[in-house]
Every structure is written in C-alpha cells, then in structure tokens.
Amino acid sequence: MISSTRRRVIVAAPGEVDVVTEPVPELQPDEALVSLLVAGVCGSDIHGMHGTHPTMKPPYYPGHEVVGVVEALGAETSGLVVGQMVTPEPTLPCGRCKMCTTGRSNICENLEFFGCGFREGGMADLFTVRASRLHIIPEGFDLRMAALIEPFSTPLHAVRLAGDIRGRTVAILGCGTIGLLMLAAARAKGARRIVMTDVLESKRDGALQLGADAVVDSAASDVAERVRGELGESADVVFDCVSIQPTITSAIDMVQRGGVVVIVGVPSRPVEVPVFILQDRQIRLQGSATYVSEDYADAIAIIAAGGVDARHMITSTYPLEQTATAFAAAAAGDQIKVLLTGDGIELD
Ligand SMILES: [Zn+2]
Ligand SMILES: [Zn+2]
C-alpha cells in the first residue's frame, strides 16, 4: 500500500530549508512513482539555498542526485518494473529541439531539470519523475556507489568534451567533491599525470589520498608555474572545478598552447578572460554542462569496476527530516559528499 502523503524538502527562501508533509502528486502516464533510498546534497543545492545559483532560485524543491525504488508506473511507460532500484538522469530535455536531435540533450533549448527548479525533486519520501529518465542500477551496487552515479557523470562529460586524454597531462583546479570525482574520471580515461590545486591543505591531502600525483597550493602567487613544475610541462588539459577569477586566470596561464580549459564548476559571478592569450596560443575554453546518457552508462561501468572510492567519498548521512542540518554540514565545506536517507533507510 503506497502512502497518500509524503514528506518533502522545500528551500522556501534563501537560507530556509523546510520539510513539509503533503499529498503525493498524481502519477502522469509517462511517469514513475519512486520511493527515496538516498539523495546526495550537491554544491549547487548549497548555492541555491544561499540564493547565489544562476538558475536555481528559492522557492524550489531540491534533489537531483537520487536513488530510489520504483513503486508504481504510469500507463505509457516501458522497460521498468515495480521494485527496481533506479536513479534518474535529472535533465528533462524536450526531445524535439536542435540540441536534442543532435545528441546534446544536456543543452536542450527547452531544458527542465528535476530537482533544480522543476515542480518535482528527489528529496521526498515519494516523488514522480519521467520514467524514460530512469537508469536501472545494476546488481552489486550498494547505496553509496549508486549515489555517486549522477555526480560522477558530470566530470565524465567534461572529459568527453576535452577529447582523448590518454597519455595526457591534466591539471584539476579544486579538490572538493567534483574535483575528486574529476580525478577519478581523468584516471579512468587514461591521463598520464594529474596535478590538483586547492587553497586548503586538508583538501589537498584528500586529493593525494585518492591518487593525485601531486598537489599545489592555489593561493601561491606562482601557482601556474608550480603546476607546470609538478607536471613536467604545461597541462594538456585543465579542468576548472571552481570557476572563479583566480582559478580561470591560472588555468589559462598553465595550459599548453593549443590546449583545452574546461569549465566544470558553476560560476557564481562573471570573470575576466584574457582573450588575446586564447587567440594567440590557440587555447580552447570549453564549457561543460551536466551530462548525457552515455556519461551515465560510463559512470555505472567505472563505479562497478571499482574506479571510485565510494566509502571515502561519502562522509556523512542524515535522515530526510534533518535536511536543514545536512545542508548546513555540506555548506561548512569539510565534507566530501553528504547523503540524505529515506524513511527507515540506514547505510551499513
Ligand atoms: Zn549535483
Ligand atoms: Zn530539446
């Protein structure tokens, strides 16, 4: 018997995270009703809560890094059965525009985003979602591994856009959650040497523990020179997971002539870019926005093969009722990934 009410998280106003009880919405013919197992708190949720995210403004219903169980299926769905463990690919593309019909549904001209301003998000006991966006979680995945499929797909897309990085030198700016997953992605895709930067020593230590070849203090005035020293050359590819003025300036400074700087982090304000250097050194400045289904498939395969240390990445869990505390913990900056758990769910 499926409950007719649910608890659901709402970011009601900047800094105000509430859990409200309300009726479960009616299931549309193309939707699945999913019960929550775990939901990750994302950096963008924290930006959104503070009112500093470029597109996610309160009030909104968060939760786009979600794992759950199919409880019911609309009449027009196919390929799923009740009881399956699933994770939504939260982008909701229109399927008709030029981007959708050329394999770039992540930059759909009419994109809606589950958990990011859409009427539904995954931080709820039960939620509805377009069934065709659900990926089935394979046997052998525990909840931690499953919770990383969505966040790991973002750096995998960034690598896809950078091109073939096998044997290349890579710099990753930022040792936060996305930076560390970027490290796993670059490693899995065959980067030869990976140097990472951060302002915090504790974060740099974390990156070394997870397999960075070297780390550099990004507060150093000669950060680009130091990265070059650790790589033994200028970086073939730089992944900027911070996207603020100092990191973008140093990224363009440390990248090889003809190289690529990929903007992975969500910038919260405009930055200045020395376009003369881009032109003169033929540097490609590449934006990267979320992922496509192939990145999800890639994420699932690499996580299944042990390419991501899920136990190390998930640093705390809170029951859904304590979402405000979980957001505060994630905002404090010393966590890698904070998870919320659904009703009665405990991680071993
Ligand atoms: Zn996210
Ligand atoms: Zn579209």
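Each ligand, and each atom within it, is numbered from 1 in the order the structure gives. All of these numbers come straight from a predicted model, not from anything done at the bench. Side chains included, hydrogens not; waters and symmetry mates left out as well; all remaining heavy atoms used.
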Quick one: do the Thr87 and Glu150 side chains pair a donor with an acceptor below 3.5 Å?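 No, Glu150 and Thr87 have no side-chain donor paired with an acceptor closer than 3.5 Å.
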With distance as the sole criterion, is a donor-acceptor pair present between the side chains of Thr91 and Asn106 under 3.5 Å?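 No.
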Should side-chain heavy atoms under 4.5 Å link Ile, Leu, Val, Met, Phe, Trp and Tyr, which residues sit in the same cluster as Val81?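 None; Val81 is a cluster of one.
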So do the side chains of Pro274 and Ile252 get within less than 4.5 Å of each other, counting heavy atoms only?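 Heavy-atom side-chain distance check passes, below 4.5 Å.
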Taking C-beta and beyond as the side chain, do Leu320 and Asp343 meet within less than 4.5 Å on heavy atoms?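 Leu320 does not reach Asp343 side chain to side chain.
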Around the Zn ion (ligand 1), how many protein N, O or S atoms are found at less than 2.8 Å?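 The number of such protein atoms is 3.
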Is atom CD of Glu16 surrounded by more than 12 heavy atoms (other residues, nucleotides or ligands) closer than 6.0 Å?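 Buried by this count: over 12 neighbours within 6.0 Å.
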For residues 93-120, pull every pair meeting salt bridge (Lys or Arg N to Asp or Glu O under 4.0 Å), keeping only residues two or more places apart or in separate chains.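 Those involving residues 93-120 are Arg6-Glu120, Arg8-Glu120, Glu31-Arg119.
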Member of Val264, Ile263, Leu161, Val261 meeting the side chain to side chain contact (heavy atoms under 4.5 Å, CB included) criterion with Gln286: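 Considering Val264, Ile263, Leu161, Val261, a side chain to side chain contact (heavy atoms under 4.5 Å, CB included) with Gln286 is found only for Leu161.
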Ala324 versus Val17, closest heavy-atom pair with distance: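 Minimum heavy-atom separation between Ala324 and Val17: CB-O, 3.8 Å.
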What protein N/O/S atoms are found closer than 2.8 Å to the Zn ion (ligand 2)?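 For the Zn ion (ligand 2), the protein N, O and S atoms that sit under 2.8 Å away are Cys94 SG, Cys97 SG, Cys100 SG, Cys108 SG.
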